[in-house]
Enquirer: 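Take a look at the following structure, please.
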There are 2 protein chains.
Amino acid sequence: MKKPDIQENLKKKGLKSTKHRMAILDILVKKDHPIAAEQIFLEMQKMAISINLSTVYRNLEVLAEKNLVTKLALSGDDRYVYEYNRMIHRHYLICLGCKKILALEDCPIKGYEQQIESETDYQIVGHKLDLYGYCPSCRKNNS
Amino acid sequence: MKKPDIQENLKKKGLKSTKHRMAILDILVKKDHPIAAEQIFLEMQKMAISINLSTVYRNLEVLAEKNLVTKLALSGDDRYVYEYNRMIHRHYLICLGCKKILALEDCPIKGYEQQIESETDYQIVGHKLDLYGYCPSCRKNNS
DNA sequence: ATGCGTGCAAAGGCTTTGCATCGTC
DNA sequence: GACGATGCAAAGCCTTTGCACGCAT
């Protein structure tokens, strides 16, 4: 995504376009998997952008509130990870060896939500599905 | 589950049967949904069992290590929840209104894991599926 | 008797917040 | 110029840990 698009995005949501905010969104847009606040912080340092970790958190909070970013609690890591909200329904495949996260785009439970809705009388608004396992290189090292 | 069974369970795993440990297991066995360490702590106080919160955590850790208990990170709550390990594959339906957790026993993604295994060359060892929505009573109050 | 279990207090890690200052609109 | 954004430091929350004491086997 280009810089003007990001600015446009922020404007639409009523958020100011600061260099910090844009850089955070830019980093997230370029990642195809969720990352922790600290990783964003470190990437910004690499990019020679001076920022405070609490500012990262505050921006992530606002961006999540405006639905530009999604905040996730995946197992296997005890902190939150964040990703750019592509408005695509996604699942994750997490390697228990190296903690690498892969995004999966297809969803096997379309019909399941409806089934549960009728069974429980809940209104289902979403779901979270993560797969756990070992990636090819961790499989080699373990066996 | 009866007290002797719990003791037997602990013994088999090489764990001493202290009154604390047995009470924690007993509480978890009786719950049909996962709860936080603090809730266990509070229930024990109600039962007039004096215990320190860190002891609760330490016991949960050992019990999870021995696979008698499962430690879960569900979204919507920023702390861990624990449940007795019934050796049943389970999913959860979490009410976004009142945070109530319902356990679901059927699993819609049996074949999906295999599909992903062949697609990604990962070795899949498990998955986590949670549904989110609003329970009947929260539906009423919101609408 | 030995080693695991416990209480207490303190530390740890991630995240949030208060306050004064700075930057964007 | 107004109000949101930021840095810094401190606090908050959940969880873990060190150490001395107590209890189950």
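Keep in mind that what you see is a predicted model, and the values were worked out from it rather than measured. Chain letters run A, B, ... following the sequence lines, proteins first and then strands; every chain starts at 1.
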Enquirer: Looking at B:R79 and B:A37, would you say the former's side chain and the latter's main chain have a donor-acceptor pair under 3.5 Å?
Expert: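 Checking the backbone N and O of B:A37 against the side chain of B:R79, no donor-acceptor pair under 3.5 Å is found.
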Enquirer: Linking I/L/V/M/F/W/Y whenever any side-chain heavy atoms sit under 4.5 Å apart, do A:I116 and A:Y122 land together?
Expert: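 Per the 4.5 Å side-chain linkage, A:I116 and A:Y122 are co-clustered.
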Enquirer: Is it the case that the side chain of B:D121 and the backbone of A:P136 share a donor-acceptor pair, with hydrogens and angles ignored and the cut-off at 3.5 Å?
Expert: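 No; judged by distance alone, with no hydrogens or angles, the pair does not exist.
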Enquirer: CG of A:L10 versus P of D:dG4: gap in Å, rounded?
Expert: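 It works out to 16 Å between those atoms.
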Enquirer: Among A:E83, A:H33, A:K128, which one satisfies side chain to side chain donor-acceptor pair (under 3.5 Å) with A:Y92?
Expert: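 Of all the options given, the one that passes is A:E83.
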Enquirer: Any side-chain heavy-atom pair from A:I101 and A:P34 closer than 4.5 angstrom?
Expert: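 In contact.
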Enquirer: With sequence neighbours left out, write down each residue that passes side-chain hydrogen bond (donor to acceptor under 3.5 Å, both in side chains) with B:Y112, or none if nothing qualifies.
Expert: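 So B:Y112 forms a side-chain hydrogen bond (donor to acceptor under 3.5 Å, both in side chains) with A:D106.
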Enquirer: Just how far, in rounded Å, is P of C:dG23 from CE of A:M22?
Expert: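 So the two atoms are 17 Å apart, to the nearest Å.
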Enquirer: Please determine whether side chain to side chain contact (heavy atoms under 4.5 Å, CB included) holds for the pair A:C107 and A:H127, giving the CA-CA distance in whole Å, both sets of side-chain angles, and the decisive distance to 0.1 Å.
Expert: CA-CA 10 Å; A:C107 173; A:H127 65 259; 3.6 Å; yes
Enquirer: Quick one: side chains of residues 53-65 of chain A, donor-acceptor pairs under 3.5 Å with protein atoms, not counting sequence neighbours, listed by atom name and distance.
Expert:
{"residue": "A:S54", "atom": "OG", "partner": "A:N52", "partner atom": "OD1", "Å": "2.9"}
{"residue": "A:N59", "atom": "OD1", "partner": "A:R21", "partner atom": "NE", "Å": "2.8"}
{"residue": "A:N59", "atom": "OD1", "partner": "A:R21", "partner atom": "NH2", "Å": "3.1"}
{"residue": "A:N59", "atom": "ND2", "partner": "A:T55", "partner atom": "O", "Å": "3.2"}

Enquirer: Output one letter per nucleotide in nucleotides 20-25 of chain D: B when a protein non-hydrogen atom lies under 4.0 Å from the base, S when only the sugar-phosphate is that close, - when neither is.
Expert: ----BS
Enquirer: Would you indicate, yes or no, if C:dA9 has its OP1 or OP2 atom less than 4.0 angstrom from a side-chain nitrogen or oxygen of B:N52?
Expert: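 So the side chain of B:N52 is outside the cut-off, no N or O lying under 4.0 Å from OP1 or OP2 of C:dA9.
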Enquirer: Expressed in angstrom and rounded to an integer, what is the separation of A:M44 atom CE from D:dA5 atom C1'?
Expert: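 Roughly 13 Å, once rounded to whole Å.
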Enquirer: If the cut-off is 4.0 Å, is B:H20 near the phosphate of C:dG5, judged by side-chain N/O to OP1 or OP2?
Expert: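 For C:dG5, OP1/OP2 do not have a side-chain N/O of B:H20 under 4.0 Å.
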Enquirer: Rounded to whole Å, please give me the gap between CD1 in A:I51 and C1' in D:dG7.
Expert: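 It works out to 10 Å between those atoms.
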Enquirer: Just how far, in rounded Å, is C1' of C:dG5 from CG of B:L63?
Expert: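 Between C1' of C:dG5 and CG of B:L63: 12 Å.
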Enquirer: Can you tell me how far apart CG (B:L72) and CD1 (B:I35) are? Round to the nearest 0.5 Å.
Expert: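 Between B:L72 CG and B:I35 CD1, I get 11.5 Å after rounding to 0.5 Å.
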Enquirer: Under 3.5 Å, which donor-acceptor pairs link side chains of residues 42-50 of chain A to any protein atom two or more places apart or in another chain?
Expert:
{"residue": "A:E43", "atom": "OE2", "partner": "A:K31", "partner atom": "NZ", "Å": "2.9"}

Enquirer: Quick one: A:K66 NZ to D:dG4 P, roughly how many Å, whole number?
Expert: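 Rounded to whole Å, this separation is 11 Å.
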Enquirer: Taking the side chain as C-beta and beyond, is there a heavy-atom pair between B:P108 and A:Q115 under 4.5 Å?
Expert: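 B:P108 does not reach A:Q115 side chain to side chain.
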Enquirer: Send over the distance from A:R21 CZ to D:dC3 C1', rounded to a whole Å.
Expert: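 Checked: the CZ to C1' distance equals 12 Å.
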Enquirer: Protein within reach of the bases, or only the backbone? For nucleotides 12-18 of chain C, mark each nucleotide 5' to 3' as B, S or -, using heavy atoms under 4.0 Å.
Expert: --SBBBB
Enquirer: Bend across the helix from C:dA1-D:dT25 to C:dC25-D:dG1, to 10°, with axes taken over 5 pairs at each end?
Expert: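 Terminal axis comparison yields 40°.
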Enquirer: Could you state the atom-to-atom distance from CD of B:E65 to P of C:dC4 in whole Å?
Expert: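 The distance from CD of B:E65 to P of C:dC4 comes to 13 Å, rounded to the nearest Å.
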